[in-house]
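Start at 1 and go down the list; that is how both ligands and their atoms are numbered.
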Amino acid sequence: MSSASETRTPRPTAFTPRDPQTLHPETRLVHAGTTRSPFGETSEALFLTQGFVYDSAAACEARFKGEDPGFVYSRYANPTTAMFEERMALIEGAEVARATASGMAAVNAALLCQVKAGDHVLAARALFGSSRWILEELLPRFGVDVTLVDGSDLGAWEQAIRPNTRVCLLESPTNPTLDIIDIAAVAKIAHSVGACLVVDNVFATPLLQHPLALGADVVVYSTTKHVDGQGRCLGGMVLCSRQFLDDHLQVFLRQTGPSISPFNAWVMLKGLETLALRVDRMQASAARLADVLAGAKGVAKVLYPFRADHPQAALARRQMSGGGTLITLVVDGGKEGAFRFMDALRVIRISNNLGDAKSLITHPATTTHQRFTPEARAEMGISDGLLRLSVGLEHPDDLEADLAQALAAI
Ligand SMILES: *Cc1c(COP(=O)(O)O)cnc(C)c1O
């Protein structure tokens, strides 16, 4: 860089053509939150920098005092990461958003930033495995009591809530059984004792379900999934009110440092531009494949939230605008049948990721949920023949043919 450009203070100015809230989600995904450097670049700039320099000691002092609203250190904030956060906030309809290095860093921060010894946390049992570890192993070490309930049983939530319940946590649809939990009803139960409802919205994506509008207080994502959508980077996001940020989250993130790399934030930003197109296509294929699988020989059961035979189909249609990009199926022949089926697939690949451009299949009993006892798995509805299929961007005819030839192998 020439010395002339070095002397310019890169102070990005927000150019907002219209109030983002008046634009369709697809338009927000492309434009919302973009700030441009004095170069006027088209694509969001990647500020791969730890820190920032100052023209004088006094300018540095002013920045640190908060009198000059610039960036200080990338553990606190970074211009590229800030664009990613702002775009996510404007899609979700949240006041603020903070990015993290992974989805688990987001879940962990959303919980730990607000609990202390003596508090109670109430959660639905069907959670991502690492979230279960935080609840069952980590929080009790610090004197936080945890209760797990069947999330779709509202009576169980009501019975388990306590005056000292500080946080309620749920995922919906759940992994891997695609149960639907009534977010509005659980929010009411949580708020009856002043607890905060945190919703892990990964399976629904920011486009198909809006937990904040249903009464949730905090939404978390693993942006590793649909937001990146191309299997490249890990990332996470916590979305909440400015009050929650000021009271709990900001200081926790700044001091404990689960910051996302600006490079990964940049990849996520570019992923958001195509999120609606990808989710639309993947969801259309998933809905079609669910119907095909439901009638197929060798398939004992198919779970897809928008199919009429889903146990909570009506609730799914009430709180989601689409059935999502995942299908759960149970094949005949238990583990052996499931393995023969997976090994026979030629287009769909065996992997534990989801929301990817590539269709991926997982056998939860031997991977994501292998650490649970068979009894605990049965309680979660995870049988040995159960498979989770994340539908990708391939032509649906090719996916249908791949599934059909693999079913023939069982
Ligand atoms: C993947 C996932 C996580 C964890 O995200 P990472 O980015 O892998 O840390 C948390 N919750 C759900 C529902 C997930 O699918």
- prompt: Which atom pair, heavy atoms only, marks the closest approach of H363 to L386?
  reply: CD2-O, 3.5 Å
query: Polar-atom distance check: L354 versus ligand 1, any N or O pair below 3.5 Å?
result: no
- request: Can you pull out the closest protein heavy atom to atom 2 (C) of ligand 1? Residue, atom name and distance to 0.1 Å, please.
  value: K225 NZ, 2.5 Å
task: Identify whether the distance between the nearest side-chain nitrogen and carboxylate oxygen of D397 and R288 falls below 4.0 Å.
output: yes
query: Purely on distance, is any nitrogen or oxygen of D200 under 3.5 Å from one on ligand 1?
result: yes
message: List ligand 1 atoms under 4.0 Å from M104, heavy atoms only on the residue side.
response: 4 (C), 5 (O), 6 (P), 9 (O)
- prompt: So how far is it from L272 CG to H31 NE2, rounded to the nearest 0.5 Å?
  reply: 13.5 Å
Element-labelled atoms of ligand 1 that are located less than 4.0 Å from some non-hydrogen atom of S222: 1 (C), 2 (C), 3 (C), 4 (C), 5 (O), 6 (P), 7 (O)
message: Salt bridge or not between R340 and E336? Use side-chain N to carboxylate O under 4.0 Å.
response: yes
- prompt: Does the distance from a Lys or Arg side-chain N to an Asp or Glu carboxylate O, for K116 and D119, drop under 4.0 Å?
  reply: yes
- request: Return yes or no for this condition: an N or O of E171 is under 3.5 Å from an N or O of ligand 1.
  value: no
query: So which protein heavy atom does atom 7 (O) of ligand 1 come closest to, and at what separation?
result: T224 OG1, 2.6 Å
- prompt: Taking distance alone, with no angle check, do F128 and ligand 1 share an N/O pair under 3.5 Å?
  reply: no
task: Just say parallel, tilted or perpendicular for the rings of W266 and F263, cut-offs at 30° and 60°.
output: tilted
query: Under 6.0 Å from the six-membered ring centre of Y76 and within 45° of its axis: does the NZ or CZ of R254 meet both?
result: yes
query: Quick one: which ligand 1 atoms are inside 4.0 Å of a heavy atom on G103?
result: 5 (O), 6 (P), 7 (O), 9 (O)
